[in-house]
Number of protein chains: 2
Amino acid sequence: MSVRLGLLAILNQGPCYGYQLRREFDRRTGSAWPMNIGQVYTTLDRLVRDRYASRMESDGDGQVTYAITDQGRSEVDTWLSSPVVREGASRDELVMKLAIAVTLPGVDIARVIQAQRTATLQLLQSLTRVKNSTTDPTSADELAWLLTIDAMIFAAEGEVRWLDHSEARLVRAVAEGGVEPLPLSGSKVRRGRPVKAAANE
Amino acid sequence: MSVRLGLLAILNQGPCYGYQLRREFDRRTGSAWPMNIGQVYTTLDRLVRDRYASRMESDGDGQVTYAITDQGRSEVDTWLSSPVVREGASRDELVMKLAIAVTLPGVDIARVIQAQRTATLQLLQSLTRVKNSTTDPTSADELAWLLTIDAMIFAAEGEVRWLDHSEARLVRAVAEGGVEPLPLSGSKVRRGRPVKAAANE
DNA sequence: ACAGCCATGTAACTTGTTACATGATTTT
DNA sequence: AAAATCATGTAACAAGTTACATGGCTGT
């Protein structure tokens, strides 16, 4: 929903044609999320379909202009005035990966964590380099770009912290015994057999 | 790619039928990502299509068992041994939202940030409550669940920190002047008609 | 009898995304 | 003249997701 709404929010500034809309999007995000031009058109089609925008075949020269509708405007207002709500556990791939990995026998979780940490630290370094080589923002788009870099840095830092924390927790869990990887509960035990509860002993 | 690979990784433990696979997934993730049973079957179909799994209509009683293939096994190995790589700027909705919002005239960014912070802090509180009411893990699935909660907490904390940081940066940018929201660049400047800049008044 | 879980699936739809086709205009 | 950019689109696909249909079996 974010690309869609991002484009709509820009369209809210005034009518645009597709190509221009991409230019605006790229400019405003400092090309942090390079946008394929095709996606602009598919998204515009869908916005029109859903009555958030309308298509005005204005000129005779084939230039197609899109304008936001009232419905679209209220959608943008809502978007901007209500927080992004993270449903349940965000389906973050790394989290899911580690969550499942710890339940799997024969997986060296310490190594998984180590590999991730290395990668993330490297990313963090290159991000920091980028940030340090950036001058103070003189326009809104430069500011937006900086905020994006910041966000990535914060996320990466958080990820590393979480990895460290998880590793510690793992060490502790192993030390205290108890925690063993899960076998498949009653693989094929079914049909008649009760089996219930699964679990570990 | 994470649901897909998560299921495949469980299938790597041994053949399963669909319903059982969901049970395993839910158990191992502490139901952090409740999985619709339909999705298990669609995903299994796609895994079979892509040769990561094979279907074995074993029993006569309609029970359909799926098994991982060699290709699937190597896919899981790769997944577990290589880090999750965050491409460019992750298309995080909040980040994109703020990035675009700061370039928009007539948007009270401070309020956007404030609303988000409130929501995130609330989430953080409820997460902390959940965490504190959780006992030490005695099985791998409990551990997985805890790691997931931790991840959410770290992410939420990072988000709040980033919001604070962004707010400060905004204040500074405004104080130093310079940074103004962007109007649409040359809406329709080409092609004869000038059409002006849209915008807000 | 009825509720509820076990079990399998299908059809449809969403957003995101890319590869490709097409042509006009502008710049080099 | 060739290369780049402007400009519009389409077809196709991926992954995620849900709503629904169907039926057997189990416990109350």
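Naming: A, B, ... by sequence-line order, numbering from 1 per chain.
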Participant: Whether the Glu167(A) and Trp162(A) side chains hold a donor-acceptor pair (N or O, under 3.5 Å, no angle test) is what I'd like checked.
Facilitator: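 Checked: Glu167(A)/Trp162(A) side chains show no N/O donor-acceptor pair below 3.5 Å.
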Participant: Going by the rule side chain to side chain donor-acceptor pair (under 3.5 Å), which residues pair with Thr120(A) if we only count those two or more places apart in sequence or in a different chain?
Facilitator: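 For Thr120(A), the residues satisfying side chain to side chain donor-acceptor pair (under 3.5 Å) (neighbours in sequence not counted) are Gln116(A), Glu159(A).
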Participant: Could you work out, with salt bridge (charged side-chain N to carboxylate O under 4.0 Å, His left out) as the rule, every residue matching Arg73(A), not counting sequence neighbours?
Facilitator: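 If we apply the salt bridge (charged side-chain N to carboxylate O under 4.0 Å, His left out) test to Arg73(A), skipping adjacent residues, the hits are Asp70(A).
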Participant: Nearest whole angstrom, please: distance from the C1' of dT25(C) to the CD of Gln63(A).
Facilitator: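 Gln63(A) atom CD is separated from dT25(C) atom C1' by 11 Å.
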Participant: Assess whether a salt bridge exists between Lys97(B) and Glu93(B), defined as any Lys/Arg side-chain N lying under 4.0 Å from an Asp/Glu carboxylate O.
Facilitator: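 So Lys97(B) does not pair with Glu93(B) through a salt bridge.
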Participant: Run the salt bridge (charged side-chain N to carboxylate O under 4.0 Å, His left out) test against Arg55(A) and tell me which residues pass, sequence neighbours left out.
Facilitator: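 Salt bridge (charged side-chain N to carboxylate O under 4.0 Å, His left out) check on Arg55(A) returns Glu57(A).
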Participant: dC6(D) C1' sits how many Å from Leu21(A) CG, rounded?
Facilitator: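 Roughly 15 Å, once rounded to whole Å.
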Participant: Give the nucleotide from the list dA19(C), dT5(D), dT8(C) with an atom nearest to the side chain of Tyr19(A).
Facilitator: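 Between dA19(C), dT5(D), dT8(C), the one nearest the side chain of Tyr19(A) would be dT5(D).
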Participant: Give a yes/no on whether any side-chain N or O of Arg22(B) is located under 4.0 angstrom from OP1 or OP2 of dA7(C).
Facilitator: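 No, Arg22(B) has no side-chain N/O under 4.0 Å of OP1/OP2 on dA7(C).
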Participant: Using a cut-off of 4.0 Å on non-hydrogen atoms, how would the nucleic acid contact of Arg55(A) be classed: base, sugar-phosphate, or nothing?
Facilitator: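 Answer is sugar-phosphate: Arg55(A) comes under 4.0 Å of backbone atoms only.
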Participant: On DNA chain C, compare the nucleotides closest to Ile37(A) and Leu5(A); which residue's is nearer the 5' end?
Facilitator: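 Checking each residue's closest nucleotide, the 5'-ward one belongs to Leu5(A).
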Participant: Taking only the side-chain heavy atoms of Val3(A) (C-beta and beyond), determine which of dA7(C), dT17(C), dT8(D) contains the nearest atom.
Facilitator: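 When the side chain of Val3(A) is considered, dT17(C) is the closest of dA7(C), dT17(C), dT8(D).
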Participant: Applying salt bridge (charged side-chain N to carboxylate O under 4.0 Å, His left out), name anything that partners Asp26(B), two or more places apart in sequence or on another chain.
Facilitator: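 With sequence neighbours excluded, Asp26(B) shows a salt bridge (charged side-chain N to carboxylate O under 4.0 Å, His left out) to no residue whatsoever.
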Participant: Between protein and nucleic acid, restricted to nucleotides 10-14 of chain D and to nitrogen or oxygen atoms under 3.5 Å apart, what atom pairs and distances do you find?
Facilitator:
{"from": "dA14(D)", "atom 1": "OP2", "to": "Arg49(B)", "atom 2": "NH1", "distance (Å)": "3.4"}

Participant: Return the set of residues passing side chain to side chain donor-acceptor pair (under 3.5 Å) with Gln114(A) (not counting sequence neighbours), or none when no residue passes.
Facilitator: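 With neighbours one apart ignored, the set is Arg117(A), Thr118(A).
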Participant: In this structure, how many angstroms lie between the P atom of dT18(D) and the CH2 atom of Trp33(B), rounded?
Facilitator: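 Going from CH2 in Trp33(B) over to P in dT18(D) covers 15 Å.
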Participant: Rounded to whole angstroms, how far apart are CG on Asn36(B) and C1' on dC5(C)?
Facilitator: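 In whole Å, dC5(C) C1' lies 16 Å from Asn36(B) CG.
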Participant: Using whole Å, report how far CE of Met56(B) lies from C1' of dT8(C).
Facilitator: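 Atom CE in Met56(B) sits about 16 Å away from atom C1' in dT8(C).
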Participant: What is the distance, to the nearest angstrom, from the CZ atom on Arg23(B) to the P atom on dC6(C)?
Facilitator: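 Rounded to the whole Å, the gap is 6 Å.
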Participant: Return the value, rounded to whole Å, for the distance between atom CE of Met35(B) and atom P of dT18(D).
Facilitator: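 Atom-to-atom, Met35(B) to dT18(D), this comes out as 10 Å.
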Participant: Specify the separation, in whole Å, of atom OH of Tyr17(A) and atom C1' of dT25(C).
Facilitator: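 It works out to 12 Å between those atoms.
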